[in-house]
Amino acid sequence: MQENDSFQLGGHSFTSRFILGSGKYSLNLIKAAVEHAGAQIITLAVRRANTADHENILDYIPKGVTLLPNTSGARNADEAVRIARLAREMGCGNFVKIEIMRDTKYLMPDNQETIKATETLASDGFVVLPYMFPDLMAARDMVKAGAAAIMPLGAPIGSNQGLQAKPFIQILVNEIELPIIVDAGIGRPSQACEAMEMGCTAVMANTALATAGDIPLMAHAFRNAIEAGRSAWLAGLGRVLERGASASDPLTGFLRN
Amino acid sequence: MPNQFFVDSEFLSPAALKRKHELENNPASRTDIMTYLPGMEVIKSDTREQVMGRVASYDASQFTAKDVLRALEHENCTIEDFQALLSPAAAPFLEQMATRARRETVRHFGNTVYLFTPLYIANYCENYCVYCGFNCYNHIRRMRLDMEQIEHEMKIISASGMEEILILTGESRSKSSVEYIGDACALARKYFRMVGVEVYPLNTDEYKYLHERGVDYVTVFQETYDAVRYEQLHLAGHKRVWPYRFDAQERALMGGMRGVAFSALLGLADFRKDALATGLHAYFLQRKYPHAEISLSCPRLRPIVNNEAINPQDVHERELCQILCAYRIFLPFAGITVSSRESASFRNGIAKIAATKISAGVSTGIGDHESKYTGKENENEGDEQFEIADSRSLKSMYHDMESEGLQPVLNDYLYL
């Protein structure tokens, strides 16, 4: 790994490219997961953090880790904005991952509403990371609206199906100047590695860890895979031929001039 | 109808007793269950038709082991798969169903389990539902808490650490008006982060009013989707109007509620058809209102005050488990609540397979939380709706769920 291989979000520099989710598993495993993942950013659902003294998730997140509150539960831009502001009032900082869903079955993100919320929150001083369906036009609008990164889904959330949307994510990697952080659908370390090999800036995973037999060990596996994928990207992948082999002597070598 | 439901109270007047017997024995003396009463809103909806059409043609005995295995192999459970999973042919595959259900539960909810408690604020009722402890002909201690008493109860519950509450009443518009319920819910918002109601069905504007008073979730039990059986069990009162009850969840969503819960009371009729109807009711409404949060309950009949003979009939724990697994596989995203009608051992087990929400610190009586939580005697209490089978406190439930490897969650909600 190259030294000083960091990326920027809202003026902050991060060297870990693994963003850890904190949902769906026991609170007392969060600390171990963060440590094994080497994560510097952890997401949390504001609606779950908005609890009384009893077992507040915030108490389980190690100090020094950047909180990335998400707006899960929001059905439109207005609700997402209110949740983000509540998170800031709760002391969760000014990072926010926008999640807006109007479908409780598949939890698909609503790109249009997400663009609106991005604009409002970015102008309100938030570092906005919109979770979105990988659509180039929507991503461009989010960039214009002030997003700090773009977080396309790899596959339906919680599905562990990997990079089903790979070609569309690749387009975002190619065309969008902001960090592309793959969120949702990553089910195994090899898929996270693949996302990094494509040139994504970072990967977020939650269900893949939460449903693992050994959560801290899986966090460690993801860390290694993400670092491997990043190194491969930096090294420059060898070319892959579509069909046939490449002759070591060029076929056109006989040409004299 | 089985006589197990009919109990005459010596406290009833001769006129009341005569009317009761007439209702029980002479169907012609009862009103038409399909005719709306004045003031009941009629909405334009095809949901009932969609659900009941499929239920009417369902013959559980037609499904084979092959159908069940095919259903378990499908990544997406179709309506036909759901029907197979509810059939007797699925019984030998209960362990496989549980394995699949657990996979879906973990995938969608992780290892979390949500805890809540109900608060009954009144037990007056104008209906004669023969299996219910609150029915108007059952001689019980009736009570309606005033706001001061409600707040007292809420403080005690809140002090236990509970953050989600479900407000319940008997079905009496005259004794428990919509405004009364609204006032109680507004009070509840002072002490709890999530407030749901389980009260008599309302019109859309009334649900909108309750939503404005802080309610976000509405539970209505259809009791049974078998209209013929429904007619025989709900002999008097506004609850007799079967279609008005059926459309309650849709009116609640039209009134702005975030989520709705569905249920049949298992043991009243053919439980497989009732489970099918419950699942389809939730399924079709979610398709129509994709933003709605959907949840299912699965109560079984329980003994009531003055009638110990009431029981869940042919719905034993294995059948209940089969139903819950089928619900989970068919509707993997839906919440599933298992109430204190079930034993501690059943709830501990099912929370690891299909359930996502369980109650704790439960009383189905009126104004008795202080005596139940602290042991302080109080003569001024109303009787319970039914006997509970799991009386664990929040603290005890929290500990037990952790011991089962689950993460208890007291609040996962934001009012927006």
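Numbered from 1 within each chain, the chains take letters A, B, ... in sequence-line order.
The candidate from B:P290, B:P332, B:G259 with the greatest count of non-hydrogen atom pairs under 4.5 Å with chain A is B:P290. The choice from A:K105, A:E79, A:R75 that makes the most heavy-atom pairs within less than 4.5 Å of chain B is A:K105.
Residue contact with chain A, scored on non-hydrogen atoms closer than 4.5 Å, involves the backbone of B:A292 exclusively. Residue contact with chain A, scored on non-hydrogen atoms closer than 4.5 Å, involves the side chain of B:Q286 exclusively. Contacts of B:Y283 with chain A are made by side-chain atoms alone, with heavy-atom separations under 4.5 Å and no backbone atom involved. Both the backbone and the side chain of B:R258 come within contact range of chain A, with heavy atoms under 4.5 Å apart. Looking at B:V409, only its side chain comes within 4.5 Å of chain A, counting heavy atoms on both sides.
The line from CG of A:L44 to CE of A:M90 is 7.0 Å long, rounded to the nearest 0.5 Å. With rounding to the nearest 0.5 angstrom, the CG atom of B:L187 is 7.0 Å from the CD1 atom of B:I150.
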Practice task
Apply the test side chain to side chain donor-acceptor pair (under 3.5 Å) to residues B:D81 and B:T78: give CA-CA distance (whole Å), side-chain angles for both, the deciding distance (0.1 Å), then the verdict.
Solution key: CA-CA 5 Å; B:D81 292 336; B:T78 65; 3.1 Å; yes
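Between A:V34 and A:Q40 the shortest side-chain heavy-atom distance does not fall below 4.5 Å.
Listed for the A:E113 side chain is a donor-acceptor partner under 3.5 Å among the backbone atoms of A:A77. For the pair A:H36 (side chain) and A:A32 (backbone), a donor-acceptor distance under 3.5 Å is present.
The stretch residues 204-217 of chain A places A:T207, A:T211 near chain B, each with some heavy atom under 4.5 Å from a heavy atom of that chain.
Ring centers of B:F262 and B:H281: under 6.0 Å apart, within the cut-off.
Within a 6.0 Å radius of CD in A:Q112, other residues, nucleotides and ligands contribute 12 heavy atoms or fewer. The 12-atom threshold is not exceeded at CZ of A:R102, counting heavy atoms of other residues, nucleotides or ligands nearer than 6.0 Å.
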